[in-house]
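Notes to accompany the following structure.
Since the model is a prediction, treat every value here as computed from it, not as a measurement. To find a chain, count down the sequence lines: A is the first, B the second, and so on, and within it residues start at 1.
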2 protein chains.
Amino acid sequence: MNEQIKALCCEYDIKFTTARFSILMVLKKASQPMNYEQIKEKMDSAMDKATFYRNIALFEEAGMVHKFEGDDRKWYFELSGKTHAHFICEQCHRIICMDVDFGEVEGEVKSIVLKGICKACQS
Amino acid sequence: MNEQIKALCCEYDIKFTTARFSILMVLKKASQPMNYEQIKEKMDSAMDKATFYRNIALFEEAGMVHKFEGDDRKWYFELSGKTHAHFICEQCHRIICMDVDFGEVEGEVKSIVLKGICKACQS
DNA sequence: TATTTTATGCAACTTAGTCGCAAAGGAGAT
DNA sequence: ATCTCCTTTGCGACTAAGTTGCATAAAATA
Ligand SMILES: [Mn+2]
Ligand SMILES: [Mn+2]
Ligand SMILES: [Zn+2]
Ligand SMILES: [Zn+2]
């Protein structure tokens, strides 16, 4: 795992530090987008939020991580992969990764967020 | 205009008040989604932000107004019409209303926001 | 008119994220 | 190893969009 994350940093031209490792470790293991609190909880060692957000900003700028706002006014992060959409349910607050096709969109899309009521909550 | 807004309130079962009129007046005239500051600026008479947000929450719940978060961590509002997407440019911060088709989406979609770099900023 | 309910304004509060600054860490030069 | 310079980190103070409590005002109901 350590090597994979080092490789990731290398690929995006970002210096490898322990703080960065901690964050990326959690994101790599994650199966869902996560917010600061959630990531912090999963980290082995504590980290100041200033450090966290500064590094996240770095990752984002490099295109390594994508973020979007959840229904709770918090930012959610995930490692960039194939661009896909997230559906956020206003009732159960679940975030559902989805694979929708938009056809042509002008410009470069970095995140797509749909909000509404999920199928489970509707019935 | 006054009558149209009264009718709108009536349709959504919302009592007509001067504060509500002020907000809806601005939203009806708007050609773009607007945030609190922008709406306030266009209003004839001043209004407290608590009143504003409380009424907006009411409109939202009734389904009369839709909101989404902009790139600046502010909420943007517009009168509900045909559900459509907004593209927000991370560089010029323009909000572009767009008419995309997603095909089937499970659940009830209330807002769709795409973020990225708009065509104008790309070149 | 008197009573009850709802809407508004003000000020204090909450909280995710930011910023300034000093200390810690790391890479290179001597 | 030691010195120097630059980057990263942690701490604490700060910012600002939106929220909440409470007193007053307006509107509905009797
Ligand atoms: Mn996802
Ligand atoms: Mn629009
Ligand atoms: Zn749901
Ligand atoms: Zn742009």
Side-chain angles (χ1 to χ4, degrees), chain A residues 5-6 9-10 12-26 33-41 43-62 64-78 88 90 93 95 111 113 115, chain B residues 5-6 8-10 12-26 33-41 43-62 64-77 88 90 93 95 111 113 115:
Chain A
I5 288 173
K6 264 187 190 155
C9 285
C10 197
Y12 285 92
D13 258 318
I14 284 172
K15 236 191 286 178
F16 180 88
T17 70
T18 52
R20 286 167 197 172
F21 175 76
S22 288
I23 299 170
L24 293 173
M25 185 71 157
V26 176
M34 294 170 83
N35 64 32
Y36 164 63
E37 288 267 309
Q38 294 170 331
I39 293 170
K40 187 183 171 188
E41 226 164 68
M43 286 188 323
D44 294 326
S45 52
M47 176 181 316
D48 186 70
K49 68 183 167 159
T51 303
F52 174 85
Y53 284 112
R54 278 190 284 235
N55 280 316
I56 279 283
L58 193 78
F59 296 156
E60 246 202 295
E61 223 163 314
M64 183 197 252
V65 163
H66 280 167
K67 79 154 184 250
F68 58 88
E69 300 225 18
D71 199 26
D72 49 5
R73 237 182 134 61
K74 290 175 187 164
W75 287 351
Y76 284 77
F77 309 97
E78 72 182 350
I88 301 172
E90 287 170 2
H93 305 287
I95 297 173
S111 81
V113 177
K115 289 186 185 167
Chain B
I5 289 173
K6 264 186 189 156
L8 201 62
C9 284
C10 197
Y12 285 92
D13 258 319
I14 284 172
K15 238 191 286 179
F16 180 87
T17 70
T18 52
R20 287 168 196 170
F21 175 76
S22 289
I23 299 170
L24 293 172
M25 185 73 157
V26 175
M34 295 170 82
N35 64 32
Y36 164 62
E37 287 268 309
Q38 294 170 330
I39 293 169
K40 187 183 170 188
E41 225 164 69
M43 286 190 322
D44 294 324
S45 52
M47 176 181 315
D48 187 70
K49 68 181 167 161
T51 303
F52 174 85
Y53 283 113
R54 277 191 283 234
N55 279 316
I56 279 283
L58 193 78
F59 295 157
E60 245 202 296
E61 223 164 314
M64 183 197 253
V65 162
H66 281 165
K67 77 154 185 252
F68 59 88
E69 299 225 18
D71 199 26
D72 49 6
R73 241 184 131 57
K74 290 175 188 165
W75 287 351
Y76 284 77
F77 308 98
I88 300 172
E90 286 170 3
H93 304 287
I95 297 172
S111 81
V113 177
K115 290 187 183 166

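- Contact check on B:Glu90 versus B:Lys115 returns no salt bridge, with no Lys/Arg side-chain nitrogen under 4.0 Å from an Asp/Glu carboxylate oxygen.
- Residues B:Ser22 and B:Met47 have side chains in contact (heavy-atom distance under 4.5 Å, counting atoms from C-beta outward).
- Sequence order on DNA chain D of the closest nucleotides to A:Lys49 and A:Ala19 puts A:Ala19 first from the 5' end.
- What you find for B:Glu69 and B:Val113 is that their closest heavy atoms are O-CG1, 4.5 Å.
- One interatomic measurement links the two molecules: CZ of A:Phe21 to P of D:dT9, which rounds to 14 Å at whole-angstrom precision.
- Residues of residues 54-62 of chain A having a heavy atom closer than 4.0 Å to DNA chain D, listed by number: A:Arg54, A:Asn55.
- Without hydrogens or angle criteria, B:Arg20 side chain to B:Ile5 main chain gives no donor-acceptor distance under 3.5 Å.
- Residue order along DNA chain C, read from the 5' end via each residue's closest nucleotide, puts B:Arg20 first among B:Ala50 and B:Arg20.
- Remark on DNA chain D: of its neighbouring residues B:Asp48 and B:Phe16, the 5'-side contact belongs to B:Asp48, judged by nearest-heavy-atom nucleotide.
- Side-chain proximity of B:Tyr53 to the nucleotides C:dT8, D:dA28, D:dA17 is greatest for D:dA17.
- Nearest approach of B:Pro33 to B:Gln38, heavy atoms of both residues: O-OE1, 4.1 Å.
- The residue B:Thr51 sits close to a base: some heavy atom pair falls under 4.0 Å.
- Taking the centre of each ring, A:Tyr76 and A:Tyr36 stay at or above the 6.0 Å mark.
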